[in-house]
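Here is the structure we will look at, set down as structure tokens.
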Amino acid sequence: MPRDRDPLVVGRVVGDVLDPFTRSVSLRVTYTTREVNNGCELKPSQVVSQPRVDIGGDDLRTFYTLVMVDPDAPSPSNPNLKEYLHWLVTDIPATTGASFGQEIVCYESPRPTVGIHRFVLVLFRQLGRQTVYAPGWRQNFNTKDFAELYNLGSPVAAVYFNCQRESGSGGRRR
Amino acid sequence: MAMTMALATATGTVESGSRWSMASLRSALPSPSTVAASSPSTHCGHRGLRLSLGLNQSGPKPQKYFGSFTGLSPLNPLLSLGLSESTSFEHNFTIIDNGGRVYAMRHGRRVPKLNRPPDQRKALLRGLTTQLLKHGRIKTTRARASAMRKYVDKMITLAKEGSLHKRRQALGFIYEKQIVHALFAEVPDRYGERNGGYTRIIRTLPRRGDNAPMAYIELV
């Protein structure tokens, strides 16, 4: 049995995408009445439009950055384009949602072709309002380098879910 | 007595040498009845079987053939337990001739059967390892995931060796040629330092249709 029961560690999100961190802010992601829990399985048809993101915290003056990446692009056995950036929103005030922030990279709905992909939503705390520049392309995005570049520090919250193509097996009876 | 006489005539004909006749030959060769009479004595001693068969040397009887074949076939265990003195009543497993043991319970049996006959089981595991090596992460039941670990590790170990013989062994197991070639190309840099444990199993929610416990298995 694994010594660390944290789903992020068990699902190797902490190993591949992030460094170990302690979550300090609550993060709730909902895809039209279906809430995302760590490791749950969603279909591409359910995640086609951007979700409702609710951020906890207390002070409306602190701003947060939300990043959504796919560390298993194009295939988990061969992650060449690791990680693929799906969504980037900055300047989100605390206790509000992602629609209140600035969408730097617009939401791209996940369409995995090969295998089962993990999709990770990471939340960083910003030091102030800062201009974040969109990367030139979505693939080969590195979350750790991005956080270091804009002095975001370690993440404050993260959640991930699994997604495979619409006709993938193992999930068709749900 | 008849046996000794037959042997005496046999030696007599051999010493004379030149003249062969069917009568002398037939008398020289041991008759089937004497063979049957001589062999059960050794076999009965071997099996500890004290069946008091009236072994008459005159004429073949079915009992003699039964006696001669006792040593070859394994006896009915109930019969042997009741009649023989060598196995005692404290033994709770039957004894098979080659030294194997058969328990009444499943003690010590580690091969997962997966509710399938052996040929279908092998095909299922071959298919699952092929798909895992192709996709990198698959979702299946927990029993199948933990059963296929051994085969996936075996395939990766074959790829680590990299010789032609190992490649052909891998081609005999994995269903798709391209996957074997891709595996042999990328395993040395990907798993070069790792010793074993090339897979990871993450348990997940049960399947809705039959509440089967599911798991993701992925290459590390």
Side-chain angles (χ1 to χ4, degrees), chain A residues 1-17 34-44 46 70-84 110 112-120 159-174, chain B residues 124 127-146 148-149 152-153 155-156 159 174-176 178-191 194 197-220:
Chain A
M1 294 299 124
R3 278 163 289 147
D4 202 339
R5 298 291 182 88
D6 183 16
L8 292 171
V9 177
V10 172
R12 294 314 297 163
V13 168
V14 164
D16 295 341
V17 182
R34 212 175 139 141
E35 186 173 339
V36 170
N37 295 311
N38 272 321
C40 75
E41 173 106 14
L42 295 170
K43 289 189 175 177
Q46 294 169 329
D70 174 12
D72 297 322
S75 150
S77 65
N78 187 20
N80 283 337
L81 313 174
K82 156 181 191 164
E83 308 134 18
Y84 190 89
T113 46
V114 183
I116 305 175
H117 294 227
R118 298 165 290 175
F119 291 94
V120 188
V159 76
Y160 85 100
F161 63 93
N162 293 314
C163 187
Q164 55 181 326
R165 62 191 172 100
E166 201 65 43
S167 57
S169 67
R172 67 172 176 263
R173 292 190 205 166
R174 288 198 131 257
Chain B
L124 171 69
L128 282 171
T129 54
T130 306
Q131 293 298 310
L132 177 64
L133 292 172
K134 179 174 180 182
H135 290 103
R137 182 184 292 127
I138 59 174
K139 180 173 169 185
T140 172
T141 65
R142 279 186 212 166
R144 289 178 201 171
S146 81
M148 61 188 272
R149 285 179 298 176
V152 176
D153 287 355
M155 288 299 116
I156 295 184
I174 295 179
Y175 282 124
E176 293 178 34
Q178 306 298 330
I179 295 176
V180 172
H181 297 318
L183 186 73
F184 272 68
E186 69 163 74
V187 150
D189 15 301
R190 192 162 162 188
Y191 295 117
R194 191 180 286 268
Y198 308 112
T199 58
R200 176 183 296 128
I201 293 186
I202 303 173
R203 294 172 293 170
T204 180
L205 297 170
R207 184 160 60 185
R208 177 174 163 251
D210 54 359
N211 204 33
M214 302 293 279
Y216 290 109
I217 177 167
E218 60 187 29
L219 296 171
V220 148

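Values below: all heavy atoms of this structure, side chains included; hydrogens, waters and symmetry mates excluded. All values derive from a computational prediction rather than experimental measurement.
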>> Distance check, rounded to the nearest 0.5 Å: B:I138 atom CD1 versus A:S77 atom OG?
In response: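 With rounding to 0.5 Å, CD1 (B:I138) is 11.5 Å from OG (A:S77).
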> Rounded to the nearest 0.5 Å, how far does NZ of B:K139 lie from CD of A:E41?
Replying inline: 4.0 Å
> Where do B:R137 and A:D72 come nearest, in terms of heavy atoms and distance?
Replying inline: NH1-OD2, 2.7 Å
> Looking at B:R190 and A:P76, what are the two nearest heavy atoms and their distance?
Replying inline: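 Scanning both residues, the minimum pair turns out to be NH2-O, 4.2 Å.
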> Is there a side-chain contact between B:H135 and A:I116, using heavy atoms and a 4.5 Å cut-off?
Replying inline: no
>> Between B:E186 and chain A, with a heavy-atom cut-off of 4.5 Å, which part of the residue counts as in contact: side chain, backbone, both or neither?
In response: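 Only the side chain of B:E186 comes within 4.5 Å of chain A.
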> Please, which pairs that meet ring-ring contact (aromatic ring centres under 6.0 Å, His included) have at least one residue in residues 198-220 of chain B, sequence neighbours excluded?
Replying inline: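 Those involving residues 198-220 of chain B are B:Y191-B:Y198.
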> What residues form a side chain to side chain donor-acceptor pair (under 3.5 Å) with A:Y84, not counting sequence neighbours?
Replying inline: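 Testing A:Y84 for side chain to side chain donor-acceptor pair (under 3.5 Å), a comparison that skips the adjacent residues, returns A:E108.
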